[in-house]
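These notes are about the structure you will find just below.
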Amino acid sequence: MAEDIQEEIKKVAERITGCRFVCIVGYDGIPVAQYVIDANFDVNLYDAEVSSIMLASREVRKSLNLGAERELIWLTENSYFIIHPVGEDFFMYSCLKATGSNPGVARIELNKAKQAIKKIIYPEA
């Protein structure tokens, strides 16, 4: 299972121009799989902090009865994050360079990979 997930995120990361890394993370902040292309920082720290964002987003979504979350996009001065929930327990995200990257391709690739990863993590669903 872990090798299949690792291979999926590697393929995704390598198809996205300007990708720094792609990760699958539990809502508890613990990474399941990571594929790093170009990161000069602690990716595990990012996983934990992005998990905090996703937990807050989940609470807001539930309290406002907004339905299922499909994607969260977060742009900072230095990075572009595209985050997709994968079931109730995990999310996957990509960190891109703020310039010279292709967020459109990242959105498409993450969305396609999310379906494959969901089948690996939740085989009976």
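The model shown is predicted, which means the values in this text are computed figures rather than measured ones.
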Value rounded to 0.5 Å, distance of CD in Glu77 from OG1 in Thr99: 10.5 Å
CA sep, side-chain torsions, deciding dist, call: Phe90, Tyr27, ring-ring contact (aromatic ring centres under 6.0 Å, His included): CA-CA 6 Å; Phe90 304 94; Tyr27 276 87; 8.2 Å; no
Val32 to Gly26 - nearest heavy-atom pair and separation: CG2-N, 4.4 Å
Aromatic centroids of Phe41 and Tyr46 separated by under 6.0 Å: yes
Salt bridge Glu8-Lys11, side-chain N to carboxylate O under 4.0 Å: yes
Working for side-chain contact (heavy atoms from CB on, under 4.5 Å), residues Val43 and Cys23: CA-CA 9 Å; Val43 173; Cys23 297; 3.6 Å; yes
Minimum heavy-atom distance Val105-Asn102, with the two atoms named: N-OD1, 3.1 Å
Side-chain heavy-atom pair Phe91, Val50 within 4.5 angstrom cut-off: yes
Cluster link Ile5 to Met92, ILVMFWY, side chain under 4.5 Å: yes
Note, Phe21 side chain near Gln34 side chain (heavy atom, < 4.5 Å): no
Val25 vs Tyr93, side-chain contact (heavy atoms from CB on, under 4.5 Å): CA-CA, chis, key distance, verdict: CA-CA 8 Å; Val25 183; Tyr93 77 103; 3.9 Å; yes
Atom pair CD/CD1 of Glu7 and Ile120 - distance to nearest 0.5 Å: 10.0 Å
Distance, nearest 0.5 Å, that separates CH2 of Trp74 from CD1 of Ile53: 3.5 Å
Interatomic distance, Ile9 atom CD1 to Glu14 atom CD [nearest 0.5 angstrom]: 10.5 Å
Closest non-hydrogen atom pair between Glu69 and Pro85, with its separation: O-CG, 3.4 Å
Ser51 vs Asp28 side-chain heavy atoms within contact, under 4.5 Å: no
ILVMFWY network linking Ile24 to Ile83, side-chain heavy atoms under 4.5 angstrom: no
hydrophobic_cluster_shared for Ile16 and Ile37, side chain cutoff 4.5 Å: yes
Minimum side-chain heavy-atom gap Pro103-Ile82 below 4.5 Å: yes
Shortest non-hydrogen separation from Cys19 to Leu96 and the atoms involved: CA-CD2, 3.7 Å
Same cluster (ILVMFWY, side-chain, under 4.5 Å), Leu72 and Leu75: no
All pairs passing side-chain hydrogen bond (donor to acceptor under 3.5 Å, both in side chains) where residues 78-88 contributes a residue, at least two apart: Arg20-Ser79, Glu71-His84, His84-Lys114
CZ (Arg107) with more than 12 external heavy atoms under 6.0 Å: no
Intermediate values then yes/no, side-chain contact (heavy atoms from CB on, under 4.5 Å), Tyr122 and Asp89: CA-CA 10 Å; Tyr122 303 106; Asp89 305 309; 3.1 Å; yes
Of Val86, Leu110, Val12, the residue whose pairing with Ile117 passes side-chain contact (heavy atoms from CB on, under 4.5 Å): Val86
Any donor-acceptor N/O pair, Ser101 side chain to Lys97 backbone, under 3.5 Å: yes
